[in-house]
Amino acid sequence: LRLGTADAGDAEADLALDAGFFSQGGFAGFVLDGRDFAEVESDFVLAPSVATFTPTRSLLEVASGQALAPHVALDGPSLRLPQALNLSIASSGYGSNAPEGRLSVDAGAALTLQPGASVSLSAATTLDFDGRIEAPGGSVTLALTRGAAGGTDYQTPHRLQLGDAARIDVSGTVQRTPSADGLRRGRVLDGGRITLDADHAAPSSLVVRPGAVLQARGASGVLDLTE
């Protein structure tokens, strides 16, 4: 599995996707698994949105059984908060004591999601993260997921590493809902959750390089009504 453009000499991926794929069809979540390997390249910049369909006035005159598409506006004005898109990228490998199951996120790669979104990155053997994730008030999990048969596998490296350029930010934020009555509507999200889990692989190491940044600040705001 590859997200973005391959570099010279990279292994060929069975499935390659660009960022535009994730904003099609109105889906609110994606679960991807490259069992051999998964790579998020340095040119992959993702800021997905869930498509919304707003009915127009002409919908009131449509008879039952008629097509709705001409009578709804795609991503039209809405009085609701935008829906978060959740993302899971994995490399699950081929079972115990196998070297496959490698996930890498290169420096320069960026995942910017809506407030409250969840992001899961997981690998069977090695997970090297050097990119950037922003999910205000959301949840970000990086994990090694496969233990070795019998509890030990000293032939296969098991490593979860955050590089010098790694940045994960789940700080809180204020979301304001468009209002037609002048009232300040919305919600205040507190800082989210960051989970680094290398406990399921044996033996394993968790490495956080000096330049890596993990942020989960709170937020404050003034609202008249909360969602």
Side-chain angles (χ1 to χ4, degrees), residues 1-51 84-114 117-135 138-148 153 155-163 165-168 170 194-201 204-207 212:
L1 170 67
R2 174 168 289 110
L3 304 182
T5 305
D7 296 324
D10 282 352
E12 183 177 353
D14 294 323
L15 177 64
L17 302 172
D18 61 19
F21 172 82
F22 296 89
S23 293
Q24 302 179 56
F27 295 103
F30 291 88
V31 178
L32 306 173
D33 186 358
R35 295 191 65 185
D36 189 350
F37 69 87
E39 294 182 357
V40 183
E41 302 289 352
S42 60
D43 67 340
F44 187 79
V45 178
L46 178 65
S49 59
V50 179
L85 185 149
N86 300 317
L87 181 63
S88 173
I89 303 173
S91 183
S92 61
Y94 295 110
S96 297
N97 300 325
E100 295 82 10
R102 307 177 303 275
L103 170 59
S104 62
V105 181
D106 293 345
L111 309 176
T112 304
L113 291 97
Q114 293 283 356
S118 66
V119 180
S120 172
L121 304 179
S122 63
T125 57
T126 58
L127 197 169
D128 292 317
F129 181 84
D130 216 17
R132 176 169 57 87
I133 297 176
E134 293 183 12
S139 171
V140 176
T141 299
L142 278 65
L144 298 180
T145 56
R146 190 192 71 204
D153 175 15
Q155 302 303 315
T156 304
H158 294 78
R159 180 187 69 249
L160 169 56
Q161 176 169 290
L162 274 64
R167 181 182 179 90
I168 301 175
V170 295
I194 300 172
T195 302
L196 306 177
D197 182 4
D199 188 52
H200 288 82
S204 64
S205 58
L206 171 61
V207 180

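Because the structure is predicted, anything quoted here is derived from the model rather than measured. One-based numbering along the sequence shown.
- Under the side chain to side chain contact (heavy atoms under 4.5 Å, CB included) criterion, A166 pairs with F129, D130, L162, A212, not counting sequence neighbours.
- With sequence neighbours excluded, the residues satisfying ring pair (Phe, Tyr, Trp, His ring centres under 6.0 Å) with F21 are F30.
- The closest side-chain heavy-atom distance from I133 to L121 is below 4.5 Å.
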Which donor-acceptor pairs under 3.5 Å do side chains of residues 32-41 form with protein atoms, sequence neighbours excluded?
from, atom 1, to, atom 2, distance (Å)
D33, OD1, S92, N, 3.1
D33, OD1, S92, OG, 3.3
D33, OD2, S92, OG, 2.7
R35, NE, G93, O, 3.0
R35, NH2, G93, O, 3.1
E39, OE1, R2, NH2, 3.0
E41, OE2, R2, NE, 2.8

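- One N or O on the side chain of T125 and one on the backbone of G101 form a donor-acceptor pair closer than 3.5 Å.
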Intermediate values then yes/no, side chain to side chain contact (heavy atoms under 4.5 Å, CB included), I168 and V119: CA-CA 11 Å; I168 301 175; V119 180; over 6 Å; no
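- Of the inter-residue distances, the one linking L1 atom CG with S91 atom OG reads 8.5 Å to the nearest 0.5 angstrom.
- Every residue was checked against the salt bridge (charged side-chain N to carboxylate O under 4.0 Å, His left out) condition with E100, not counting sequence neighbours, and none meets it.
- The side-chain hydrogen bond (donor to acceptor under 3.5 Å, both in side chains) test applied to D18 returns no partner, not counting sequence neighbours.
- Evaluation of the side-chain hydrogen bond (donor to acceptor under 3.5 Å, both in side chains) rule for R167 yields Q215 as partners, not counting sequence neighbours.
- Residues passing the side-chain hydrogen bond (donor to acceptor under 3.5 Å, both in side chains) test with T5, sequence neighbours excluded: D43.
- Of the residues I194, T195, L196, the one that meets the side-chain contact (heavy atoms from CB on, under 4.5 Å) test with L142 is L196.
- Annotation: salt bridge (charged side-chain N to carboxylate O under 4.0 Å, His left out) contacts of R159 (sequence neighbours excluded): D128.
- I89 CD1 to L103 CG: the interatomic distance, rounded to the nearest 0.5 Å, is 7.0 Å.
- Scanning for side chain to side chain contact (heavy atoms under 4.5 Å, CB included) contacts around A19 gives F44, L46, with sequence neighbours left out.
- Of all heavy-atom pairs between A198 and S205, the closest is CB-O, 4.1 Å.
- Take D106 and apply the salt bridge (charged side-chain N to carboxylate O under 4.0 Å, His left out) test, not counting sequence neighbours, and it matches no residue.
- The shortest distance between side-chain heavy atoms of L206 and L144 does not fall below 4.5 Å.
- Contacts of S118 classified as side-chain hydrogen bond (donor to acceptor under 3.5 Å, both in side chains), with partners at least two apart in sequence or in another chain: N86.
- Residues passing the side chain to side chain contact (heavy atoms under 4.5 Å, CB included) test with V45 are A110, sequence neighbours excluded.
- Distance alone, capped at 3.5 Å, places no donor-acceptor pair between the S42 side chain and the G108 backbone.
- Counting all heavy atoms, side chain and backbone alike, S122 lies closest to T145 at CB-CG2, 3.5 Å.
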